[in-house]
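Notes follow the structure.
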Amino acid sequence: MFSRRNRRPTSPELAAARERLDAGDVPGALRELRQVPAAPLGEVADVVGRAAGAAGFDDLRKAATALAATPDRVRPLYDYGFACVERGVPYLAIPALREALRLAPDSSGVLRELVSAYEDEGRHRDAVEALLAHEDGLADWPDRYLLVFNAVLAGDLELARRQHARLPAPAEDTWLGARDRQNRVLGRASAAGPVSPLDHSDLRGWQYVMGGTVLGTLSPFGFDAGMTGRYAYLQDDHGRCLEGLLRLKAVLASADARPRSVSLLPDRGSRILGLAAAEVLGLPAEPFEAGREDTVVIAYDLNVTARADGGPETIGQLFERAPGQVLHEHASCWTDPPAVTADSVTLLHQSAVAPWEAGLRQGADGEVERGEVDGRPEKAIAAEIVGADPTPDAGDGETPADPAEKLTDFVSAVSGTWLQGDRAQLRSPGPVASSRFL
């Protein structure tokens, strides 16, 4: 048993985590624990228990204390892993749940919780391997469904299709929605496959397969240096907004979508961009109304929309698609995905500052300073977007060429599977990895 009185950390990372806790820095301690190599679970649990106590997470504190006392029993291992997943630190759950599964290889509950932890960490190949190792004992729902789900997100469509073919119709109605989503995912993969490589750098292809999102542009920076088409930090501008709207117009034409209006969401940024979209698309602009058909709903950033007055209700109304409704989001956060997945997205980012927000600029003395919010009327800013230069940023010259024709050819090929089903949240980056900085 691990004794607090004889604490000799087996790694410098554990020692650093304890030092962080001593200084009252719980987030810093958790960051250090992410870097801990294989270490006795009792030692790690002792540190996690202290961090959980400081954060007021009594369930995790109790589970960690129990594991530190008996690190070789299935129940404490499982309870600790479950609490870690629930509290948003699945990376801490994985070693404990792996050990619990080793001790109890026939436990479907332990296996499913381990798969959940792998999914939350984006480790879909590990989830696949864990499920395949216990394939003989898999229940079709949810286990084989989860195998197909994770095979897709790992980029293994051959395995996904093979396992999907073995799935019977679910006996319980609770799985009908999941089955329909999975059918649509594999249908989109079949549509995209002939025109998109669906390899580990095909960001547009996989965004479409996973969530039905047509991605309008790729970041022109750091494609081969870890970003693969996504932005890290973006200080947006009017020209990029116009470029996104022009590409949206091309997407709608290629899919033969014929909206009759632009719907304005309640947050200021979405209203500004929506007014500009109405000019670009030649359509009337109207406040968003749930259930309105044949309309383009314009969002600047759906996470911002969700925080606006009436935002949560509006987001809920966007989950189920109205006939002919297209949801377009300009700047979508891939590390904190919005609660609904847009049909069209201009770009993917980790952090973005809208052109009308207080961004960073170089002051008269050469120092970087924060600028001022653009408080002009929304129509004035929208007019500036419409009159901006939409020429794409040349970037670093390393991103593959992505002319508008390449986008429209893709849309023409997949249009038969676009705009179908609900807009479930897309929580995983999928097979295309990008570096994270936040």
Side-chain angles (χ1 to χ4, degrees), residues 180-181 183-198 202-218 229 241-265 270 273-274 276-286 288 291-300 302 318-332 338 340-348 390 392 401-424 426 430:
D180 291 345
R181 288 188 198 104
N183 286 340
R184 291 195 295 271
V185 165
L186 293 175
R188 290 193 295 263
S190 295
V195 293
S196 205
L198 295 181
D202 182 11
L203 186 61
R204 175 173 293 136
W206 280 113
Q207 288 298 122
Y208 185 72
V209 170
M210 294 187 299
T213 298
V214 171
L215 179 62
T217 67
L218 303 176
C241 289
L242 180 57
E243 179 192 6
L245 294 177
L246 291 172
R247 290 215 163 190
L248 169 64
K249 184 176 183 178
V251 165
L252 294 173
S254 297
D256 198 27
R258 301 175 184 271
R260 294 180 296 179
S261 67
V262 168
S263 291
L264 306 178
L265 290 173
S270 294
L273 191 65
E279 290 293 323
V280 170
L281 299 176
L283 297 172
E286 305 171 307
F288 172 77
R292 179 182 291 133
E293 301 181 4
D294 300 322
T295 188
V296 182
V297 183
I298 299 291
Y300 181 81
L302 284 167
L318 288 168
F319 180 79
E320 296 291 347
R321 182 193 317 279
Q325 184 192 80
V326 179
L327 175 59
H328 173 76
E329 181 184 22
H330 176 72
S332 189
V340 293
T341 298
D343 307 308
S344 167
V345 163
T346 299
L347 58 90
L348 297 171
D402 188 42
E405 293 77 13
K406 186 175 181 180
L407 170 64
T408 54
D409 287 348
F410 177 85
V411 174
S412 296
V414 304
S415 61
T417 57
W418 193 42
L419 304 179
Q420 296 182 12
D422 59 41
R423 298 186 175 109
L426 183 60

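Values reported hereafter were calculated over all heavy atoms of this structure, with side chains retained and with hydrogens, waters and symmetry mates removed.
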Spacing of CG belonging to L281 relative to CD belonging to E279, to within rounding of 0.5 Å: 10.0 Å
Residues that F288 engages under ring-ring contact (aromatic ring centres under 6.0 Å, His included), provided they are two or more places apart: none
Criterion side-chain contact (heavy atoms from CB on, under 4.5 Å) on R181 and D422, from CA distance to verdict: CA-CA 8 Å; R181 288 188 198 104; D422 59 41; 3.0 Å; yes
Least distance between heavy atoms, G216 atom then L407 atom: O-CD2, 3.8 Å
side-chain hydrogen bond (donor to acceptor under 3.5 Å, both in side chains) pairs, two or more places apart, involving residues 319-328: R321-D343, Q325-R423, H328-S344, H328-T346
N/O donor-acceptor pair under 3.5 Å between T213 side chain and Y208 backbone: no
Minimal non-hydrogen separation, A189 against V209, with atom names: CA-CG2, 3.7 Å
Distance (rounded to the nearest 0.5 Å) between L347 CG and L215 CG: 8.0 Å
Gap between atom OG of S254 and atom CZ of F410 - 0.5 Å precision: 11.5 Å
Closest non-hydrogen atom pair, A401 against P403: C-CD, 3.5 Å
Contact summary for L273 and C241, nearest pair of heavy atoms: CD1-CB, 3.9 Å
Note: R258-D294 ion pair, threshold 4.0 Å (strictly below): no
All salt bridge (charged side-chain N to carboxylate O under 4.0 Å, His left out) counterparts of E286, not counting sequence neighbours: R292
NZ-CG distance between K249 and L283, expressed to the nearest 0.5 angstrom: 9.0 Å
Expected output: side-chain T295 to main-chain S261 donor-acceptor under 3.5 Å: yes
Shortest non-hydrogen separation from T408 to A250 and the atoms involved: CG2-CB, 3.7 Å
side-chain contact (heavy atoms from CB on, under 4.5 Å) partners of L426, counting only residues at least two apart: Q207, M210, T341
V326 and W418: CA distance, side-chain angles, deciding distance, side-chain contact (heavy atoms from CB on, under 4.5 Å) verdict: CA-CA 10 Å; V326 179; W418 193 42; 4.2 Å; yes
Residues forming a salt bridge (charged side-chain N to carboxylate O under 4.0 Å, His left out) with R247, sequence neighbours excluded: D402
Spatial distance of atom CG (L265) from atom CD (E329) [nearest 0.5 Å]: 10.0 Å
side-chain contact (heavy atoms from CB on, under 4.5 Å) partners for P392, two or more places apart: E243
Where L302 and A342 come nearest, the two heavy atoms and their spacing: CD1-CB, 4.3 Å
Sidechain-backbone polar pair: R204 side chain, V214 backbone, donor-acceptor under 3.5 Å: no
I298 and S270: CA distance, side-chain angles, deciding distance, side-chain contact (heavy atoms from CB on, under 4.5 Å) verdict: CA-CA 6 Å; I298 299 291; S270 294; 5.7 Å; no
Full working for side-chain contact (heavy atoms from CB on, under 4.5 Å) between V195 and D409: CA-CA 8 Å; V195 293; D409 287 348; over 6 Å; no
